Amino acid sequence: MSSDYFHFLNLIGVAFFAIAGTLLGYEKKVGGFGIVVVASVTALGGGSLRDLLLNQPVFWVADPTYLYSTYAATITAIVFIRYLPHVSNYYFLLIDAIGMAIFNIVGIEKSLIEGTGMLIALTMGTTTGIFGGLIRDVICREVPSVMRSEMYASACVSGGLAYAVLFQFGAPYLWCILGSLFTTVFIRMGALHWNWQLEFFKKRQG
């Protein structure tokens, strides 16, 4: 993947997660500067942890355009919320799923660029995809989605596995990205719509 394309994908992921953070902050009636905090933590948290683990400069410190993307997306979301008569929770869930899927890909790509193996790359992809949302949920006094039985982190892992399989068979980068993106969003939204769950400790009957 070219550096320009990677940079663009990362900016889009930051923007989606900033919007998701703003929507949850609105739902939880977070006011004032708190909205910016929630949006920023959601957008920047996962990537920051990834870069620290990879011993790389934190991406938004090295390149402030990610901060511009975060703040622009937050302000845009605030404006739309103010003028829309009703904001459905569905929008938050969809945008959060897309943001997670994009950040999953970005984490995988950045790890592979730094020369890690695929297993480490998949771990970093999942970390990038879920950590910002985890901090956001804690700040907003929500049970983090990753801690529930609904498929959240597992959707991220599934998207990463789709990327790994396509990559292993020599598929073009675009197909790896699209396959991972579709898989993550489909499983996440399908789990919410059809109540798919992973219950490792479910007792056997009889």
Side-chain angles (χ1 to χ4, degrees), residues 7-53 58-82 84 87-110 123-148 150-157 159-160 181 184-185 188-189 191-192:
H7 184 250
F8 175 76
L9 191 65
N10 210 356
L11 285 174
I12 295 298
V14 165
F16 267 92
F17 258 3
I19 294 171
T22 304
L23 290 175
L24 184 62
Y26 164 76
E27 182 183 329
K28 295 299 177 180
K29 299 187 180 346
V30 176
F33 189 71
I35 284 286
V36 179
V37 172
V38 172
S40 299
V41 164
T42 309
L44 306 175
S48 298
L49 178 61
R50 174 204 63 218
D51 290 343
L52 290 172
L53 292 173
V58 177
F59 71 110
W60 55 270
V61 177
D63 185 354
T65 56
Y66 295 114
L67 288 178
Y68 300 146
S69 178
T70 299
Y71 298 148
T74 303
I75 292 170
T76 301
I78 290 171
V79 171
F80 271 93
I81 290 170
R82 284 179 63 89
L84 285 176
V87 180
S88 171
N89 188 51
Y90 175 81
Y91 295 122
F92 162 72
L93 296 172
L94 179 60
I95 291 172
D96 186 59
I98 296 173
M100 179 175 67
I102 293 174
F103 264 10
N104 186 27
I105 296 165
V106 168
I108 293 171
E109 286 283 340
K110 186 159 189 178
T123 303
M124 289 299 171
T126 301
T127 299
T128 309
I130 69 173
F131 191 71
L134 189 154
I135 302 174
R136 173 201 65 209
D137 291 345
V138 170
I139 291 175
C140 292
R141 298 184 179 181
E142 281 276 291
V143 176
S145 298
V146 69
M147 301 299 180
R148 303 173 193 165
E150 66 187 41
M151 301 179 74
Y152 188 78
S154 50
C156 212
V157 172
L181 183 71
T184 304
V185 174
R188 174 59 181 154
M189 298 308 292
L192 293 168

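Values below: all heavy atoms of this structure, side chains included; hydrogens, waters and symmetry mates excluded. Because the structure is predicted, anything quoted here is derived from the model rather than measured. Along the sequence shown, the residues carry numbers beginning at 1.
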Quiz: residues 14-25 side-chain donor-acceptor pairs under 3.5 angstrom, not counting sequence neighbours:
unit_1	atom_1	unit_2	atom_2	d
Thr22	OG1	Ala18	O	2.8

Contacts of type side chain to side chain donor-acceptor pair (under 3.5 Å), residue Thr76, not counting sequence neighbours: none

Distance check, rounded to the nearest 0.5 Å: Met189 atom CE versus Leu93 atom CG? 5.5 Å

Say whether, by atom type as modelled, one donor and one acceptor occur between the side chain of Asn104 and the main chain of Gly129 under 3.5 angstrom. no

Any non-hydrogen side-chain atom of Asp63 less than 4.5 Å from a side-chain atom of Phe59? no

Hey, are the side chains of Lys110 and Asp51 touching, using non-hydrogen atoms and a 4.5 Å cut-off? yes

Gap between atom CD of Glu27 and atom CG of Asn89 - 0.5 Å precision: 4.5 Å

Can you name the residues that form a side chain to side chain donor-acceptor pair (under 3.5 Å) with Thr127, not counting sequence neighbours? none

Arg188: which residues meet the side chain to side chain donor-acceptor pair (under 3.5 Å) condition with it, sequence neighbours left out? Glu150

Any chance you could measure Ser145, atom OG, to Arg136, atom CZ, to the nearest 0.5 Å? 6.0 Å

To the nearest 0.5 Å, tell me how far Leu44 CG sits from Tyr66 OH. 11.0 Å

Would you indicate whether the side-chain heavy atoms of Arg50 and Phe103 approach each other to under 4.5 Å? no

Backbone N or O of Ser40 within a donor-acceptor pair of the Thr70 side chain at under 3.5 Å? no

In chain order, what residues pass the ring pair (Phe, Tyr, Trp, His ring centres under 6.0 Å) check against Phe92, with sequence neighbours excluded? none

With Glu142, which residues qualify under salt bridge (charged side-chain N to carboxylate O under 4.0 Å, His left out), at least two apart? Lys28, Arg148

How many angstroms lie between atom CD1 of Ile135 and atom OG1 of Thr42, to the nearest 0.5 angstrom? 8.5 Å

Which residue in the set Leu11, Ile12, Asn10, Thr128 passes side-chain contact (heavy atoms from CB on, under 4.5 Å) when paired with Ile102? Ile12

Taking C-beta and beyond as the side chain, do Val36 and Phe33 meet within less than 4.5 Å on heavy atoms? yes

In the structure I gave you, are the side-chain heavy atoms of Met147 and Asp137 within less than 4.5 Å of one another anywhere? no

When rounded to the nearest 0.5 Å, the distance separating CD1 of Ile105 from OG1 of Thr184 is 6.5 Å

